[in-house]
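All heavy atoms count here, side chains included; hydrogens, waters and symmetry mates do not.
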Amino acid sequence: MALNIKPLTDRVLVEPAAAEATTAAGIIIPDTAKEKPQRGTVVAVGNGKKDHAMTVKVGDIVLYGKYAGTELKYDGKDYLIMREDDILAII
């Protein structure tokens, strides 16, 4: 099923990665203590601005700031929509 959301201008739609459920030592982290993930997969990309082409493309795994973007729920899945400038790196 295709996603029917098309970001405008320099916006990017990101599906956040799942939060870690256990630590490296094997300790289970409760839901209330889990941190918000700071990486995700690009699902949709806007066309860019007049003088600036988009750097990221669909399928890229990206790192973004802790409070970047606006949370969005669509068809039962969580997404973030943010400006390309909020993306820190492509992994």
Side-chain angles (χ1 to χ4, degrees):
M1 182 172 127
L3 192 62
N4 292 329
I5 299 175
K6 177 68 176 164
L8 300 176
T9 62
D10 65 337
R11 303 240 194 303
V12 178
L13 187 69
V14 176
E15 183 176 0
E20 295 292 323
T22 60
T23 64
I27 298 172
I28 298 173
I29 302 171
D31 289 337
T32 56
K34 288 182 184 175
E35 287 197 23
K36 193 170 140 182
Q38 293 179 319
R39 73 176 178 149
T41 305
V42 175
V43 179
V45 177
N47 293 328
K49 290 189 174 182
K50 181 179 175 185
D51 299 333
H52 178 69
M54 296 296 280
T55 306
V56 298
K57 60 187 180 304
V58 174
D60 284 348
I61 297 173
V62 294
L63 295 176
Y64 49 85
K66 191 170 197 165
Y67 301 106
T70 302
E71 293 179 358
L72 166 70
K73 192 170 207 114
Y74 184 76
D75 282 344
K77 284 191 167 184
D78 292 325
Y79 296 100
L80 286 170
I81 190 160
M82 63 183 72
R83 292 190 179 276
E84 185 182 35
D85 293 342
D86 292 337
I87 295 175
L88 304 174
I90 300 172
I91 300 177

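Judged as a side-chain hydrogen bond (donor to acceptor under 3.5 Å, both in side chains), and not counting sequence neighbours, N47 has no contacts. Contacts of R83 classified as side-chain hydrogen bond (donor to acceptor under 3.5 Å, both in side chains), with partners at least two apart in sequence or in another chain: D10. The side chain to side chain contact (heavy atoms under 4.5 Å, CB included) test applied to P7 returns R11, L13, A44, I81, not counting sequence neighbours. For K66, the side-chain hydrogen bond (donor to acceptor under 3.5 Å, both in side chains) criterion is met by no residue, not counting sequence neighbours. Partners of K50 by side-chain hydrogen bond (donor to acceptor under 3.5 Å, both in side chains), not counting sequence neighbours: none found.
Residues M82 and I87 have side chains in contact (heavy-atom distance under 4.5 Å, counting atoms from C-beta outward). Between L72 and I5 there is a side-chain heavy-atom pair separated by less than 4.5 Å.
For the atom pair NE2 (H52) and CG (D85), the distance works out to 6.0 Å, reported to the nearest 0.5 Å.
E84 contributes a side-chain N or O that, together with a main-chain N or O of T55, makes up a donor-acceptor pair within less than 3.5 Å. In terms of modelled atom types and a separation under 3.5 Å, the side chain of K6 and the main chain of V45 share a donor-acceptor contact.
Using a 4.5 Å cut-off between side-chain heavy atoms of Ile, Leu, Val, Met, Phe, Trp and Tyr, L63 falls into a hydrophobic cluster with I61, I91.
When every heavy atom of P16 is checked against every heavy atom of D78, the shortest pair comes out as CD-O, 3.4 Å. Smallest separation of non-hydrogen atoms from N4 and Y74: CB-OH, 3.6 Å.
By the criterion of side-chain heavy atoms lying less than 4.5 angstrom apart, applied directly or through intervening Ile, Leu, Val, Met, Phe, Trp or Tyr residues, V56 is grouped together with V14 in one hydrophobic cluster. Taken together through direct or relayed side-chain contacts under 4.5 Å among Ile, Leu, Val, Met, Phe, Trp and Tyr, M54 and Y79 form parts of separate hydrophobic clusters.
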Inset, instruction - Might you work through the side chain to side chain contact (heavy atoms under 4.5 Å, CB included) test for V62 and R39, ending with a clear yes or no? - result: CA-CA 5 Å; V62 294; R39 73 176 178 149; over 6 Å; no
